[in-house]
Amino acid sequence: MNKIKILSNFNSEIFSNYLNQKLNNREHKIIKTVFGSFYQQSFKLIRSKEKVGTIIVWNQIEKILVNFDKLIYNKKFNYNELLKENNDYIKILKQLSKKCNQLIVFGWQKPNLYQGKSIKDFTDKLGVLKNVTKLNLQISDSIQDIENIYFFPPELYFNNATEEYSPKLWYAAKIPYSQNTFKSASEKINELFINLKSKKVKLIILDLDNTLWGGEVGDIGWQKVKIGGHSIEGEAYVDFQRIIKGLKDTGIQLAICSKNDEKIALDAITKNKNMVLKKSDFVLWKINWEDKAKNIREIIKKLNFTNESVLFIDDNVNERDRVKTAISGIKVPDWPSDPTEYPSEILKLNCFETYKKITKEDKKRLGYYKDDLKRKKTKSDFVSELNWLKNLKTNILCKKITKENEDRIVQLINRTNQMNLRTRRYNQEKLQEIQKDKKSFLRCFHLKDKFGDMGIVGFFNLTKHKNKLIIDDFILSCRAFGRGVEKTMLHIISNYAVQKKIKLAEFNFKKTDKNKPCLTFLKENLKELKKNRFIIKDMKKSVKPNYLKLIKE
């Protein structure tokens with residue numbers, strides 16, 4: 001059950017009611033707090049040892065920042081003090097973020113009744129709207145690296161038209177906004193929860209004819225397909241492709257599944273200058289006359305994705321129904337018949353990680369998958385897996401955690417499920433806090449072989465406790481599992497323990513629905529003292545696989 005606390009300096013009763021109607025009551029429970037007690041409730045939560053699921057902070061700017069109240073009444077005020085007040089507010093937000101899984105912060109809104117400098121309000125130094133915007137930017141810039149804070153700017157949910165404000169409601173019950181505003185805010189919060197809960201799409205499989213372009217290329221030729229130009233539909237296809245390409249640049253992979261002649265279809269992609277998506281943007285394609293469900297299964301298997309992480313887009317309702325029925329869990333949205341609706345339709349799908357920070361690894365992910373397909377293709381040339389692994393000529397770089405790789409480490413921590421010892425989730429600020437602890441020892445692992453650079457794939461974090469080491473995090477990306485990285489990580493931990501004259505290194509496994517591979521690895525390579533508690537058998541005898549070259553930073 002996700003317990004939600006609303007901290008506000010106005011009467012949030014109507015907002016709470018709308019939110020309660022919108023959310024699933026089996027999953028969420030709203031804990032009401034007394035309005036006007038923002039600071040009191042905040043400090044109570046900060047001092048508490050317990051965490052709540054979600055904290056929602058929504059306040060009126062003029063009731064929190066004293067110098068802003070002076071600004072709107074044209075009183076003398078100190079601008080630096082105004083910024084300091086806002087910074088103190090930000091400090092409270094940061095502390096609250098440590099006491100919950102999600103902190104939702106509503107940005108400052110322009111106060112009702114105060115119009116500022118009219119048409120000069122955004123250019124005058126003392127303009128109300130100008131300063132509201134600057135203070136919101138100060139907040140967003142300060143919290144941008146804290147993964148669990150979600151900032152809702154006023155434009156997202158708020159209409160500050162005069163009809164949205166009821167003076168009677170304000171003076172009678174201290175309710176500053178309309179029901180429409182509270183309803184809109186509730187809908188946005190519900191969208192956030194759905195997005196956080198849903199299995200995110202990692203692969204988009206696309207049809208071609210009447211999906212990426214207009215017309216059937218086999219009949220009309222690549223020169224005559226509708227894409228770009230001055231055609232209404234052609235422009236829509238271009239915009240749709242631009243959105244798809246933008247998603248690819250966040251780390252989502254693209255594949256093609258189309259009933260077509262392969263050469264003719266690829267000619268349309270490579271020769272038509274109006275195509276936004278290029279052949280190089282696709283990790284894999286199946287262009288033939290076989291059953292699409294069969295082709296899609298093969299694509300998913302080759303790329304090692306789960307069905308739930310795949311989205312299939314096709315204009316043909318019969319093909320959609322076939323795939324939806326044959327492949328359990330795959331996302332197959334109903335698709336409009338009008339291509340001009342394609343760009344807006346894909347933006348409506350709430351299945352992409354729109355809230356995550358994009359790392360260097362995300363931008364290189366297409367290359368990682370293409371290299372991995374080359375690796376797998378060569379595997380059949382070898383009699384044994386060991387010979388194949390030797391042939392890869394793999395280098396492992398054991399590296400310290402730095403500002404340059406922090407984003408990727410946080411991503412590994414929050415996205416890795418299968419090879420994850422305890423599945424602890426935390427943000428960049430928490431990682432930095434752990435680094436400062438002298439009892440902690442953290443390392444990450446960067447993988448390279450003759451086919452290419454796989455980036456940072458592994459991470460561990462351990463803590464010294466008198467005569468033993470406690471491994472707090474032991475994480476490895478599934479695309480590197482089975483390559484010997486996990487055994488190398490054990491080797492580094494063992495060497496560290498021997499160096500520090502510590503005789504015990506303990507792994508306390510915490511079971512989830514997805515980390516069974518980690519448990520299997522522990523049972524096969526460590527000694528189990530009791531259920532889910534493991535130690536390294538003999539640290540002095542720990543060795544890395546001899547087909548790997550270890551490079552320490």
Side-chain angles (χ1 to χ4, degrees), residues 24 191 194-195 197-220 225-227 232-234 236-245 247-248 252-262 264-266 268-269 275-277 281-354 369:
N24 186 333
E191 285 177 16
I194 291 171
N195 193 289
K197 183 184 175 183
S198 64
K199 181 78 175 179
K200 303 302 182 291
V201 165
K202 296 181 180 180
L203 171 67
I204 302 174
I205 301 177
L206 296 147
D207 175 43
L208 295 177
D209 292 338
N210 298 309
T211 299
L212 285 189
W213 56 65
E216 296 183 3
V217 68
D219 292 336
I220 61 177
V225 295
K226 289 183 181 177
I227 179 75
I232 294 172
E233 292 182 354
Y237 283 117
V238 164
D239 283 345
F240 177 59
Q241 287 197 25
R242 289 180 68 191
I243 294 168
I244 294 290
K245 188 150 187 164
L247 290 169
K248 185 220 74 172
I252 293 171
Q253 301 307 300
L254 306 181
I256 297 169
C257 181
S258 171
K259 286 184 176 177
N260 250 310
D261 179 280
E262 183 173 332
I264 293 172
L266 291 178
I269 295 172
M275 282 288 294
V276 175
L277 290 168
D281 290 319
F282 298 95
V283 64
L284 194 60
W285 53 82
K286 289 280 184 181
I287 304 173
N288 53 44
W289 300 102
E290 295 183 28
D291 175 37
K292 283 193 176 182
K294 175 180 175 290
N295 282 334
I296 289 172
R297 282 197 202 95
E298 289 178 8
I299 291 172
I300 294 171
K301 185 178 180 181
K302 274 193 174 184
L303 296 175
N304 196 29
F305 285 115
T306 62
N307 294 348
E308 292 78 12
S309 64
V310 178
L311 174 71
F312 174 56
I313 296 177
D314 195 312
D315 69 296
N316 189 308
V317 64
N318 294 321
E319 296 289 7
R320 295 199 301 267
D321 288 345
R322 165 65 185 146
V323 171
K324 197 184 300 184
T325 305
I327 303 175
S328 175
I330 190 171
K331 294 176 175 64
V332 186
D334 293 334
W335 206 244
S337 57
D338 184 352
T340 62
E341 295 179 25
Y342 286 11
S344 58
E345 192 66 25
I346 192 163
L347 292 173
K348 290 177 188 175
L349 300 179
N350 206 8
C351 58
F352 306 112
E353 279 190 292
T354 52
Y369 278 102

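FYI, side chains are in, hydrogens and waters are out, and symmetry mates aren't considered; it's all heavy atoms of this structure.
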Gap separating the [atom1] atom of [X] from the [atom2] atom of [Y], nearest 0.5 angstrom:
X    : Y    : atom1 : atom2 : answer
K202 : C351 : NZ    : SG    : 13.5 Å
T340 : F240 : OG1   : CZ    : 12.5 Å
E345 : L347 : CD    : CG    : 9.5 Å
L212 : I256 : CG    : CD1   : 7.0 Å
D315 : D209 : CG    : CG    : 8.0 Å
L208 : I287 : CG    : CD1   : 5.5 Å

Could you pull out the closest heavy-atom pair between [X] and [Y], with the gap in Å?
X    : Y    : result
L311 : P333 : CD1-CD, 3.4 Å
I227 : Y237 : CD1-CB, 3.7 Å
Q241 : V276 : OE1-N, 3.0 Å
I296 : C257 : CG1-SG, 3.8 Å
I346 : F352 : O-CE1, 3.8 Å
I220 : G214 : CD1-O, 4.3 Å

Is any side-chain heavy atom of [X] less than 4.5 Å from a side-chain heavy atom of [Y]?
X    : Y    : value
V310 : I205 : yes
V332 : I327 : no
D291 : R322 : yes
R320 : W335 : yes
L277 : I269 : no
F312 : K324 : no
I204 : Q253 : no
I252 : L203 : no

**Aromatic contact, F282 with Y369 (centres under 6.0 Å)** = no

Measuring centre to centre across the rings, with the benzene-like ring taken for any Trp, is W213 within less than 6.0 Å of Y342? no

Check: [Y] main-chain N/O paired with [X] side-chain donor or acceptor under 3.5 Å:
X    : Y    : result
N307 : S328 : yes
S309 : F305 : no
N260 : V217 : no
D239 : P343 : no
K286 : I299 : no

Side chain to side chain donor-acceptor pair (under 3.5 Å) between N288 and N295, worked out | CA-CA 9 Å; N288 53 44; N295 282 334; 2.7 Å; yes

(Q) Salt bridge or not between K259 and E319? Use side-chain N to carboxylate O under 4.0 Å. (A) yes

| said: Would you say that more than 12 heavy atoms from the other residues, nucleotides or ligands in this model lie under 6.0 Å from the NZ of K302, or not? | reply: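 Atom NZ in K302 is not crowded, with 12 or fewer foreign heavy atoms closer than 6.0 Å.
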
Point to revise | Full working for salt bridge (Lys or Arg N to Asp or Glu O under 4.0 Å) between D281 and K248 | key: CA-CA 8 Å; D281 290 319; K248 185 220 74 172; 2.8 Å; yes

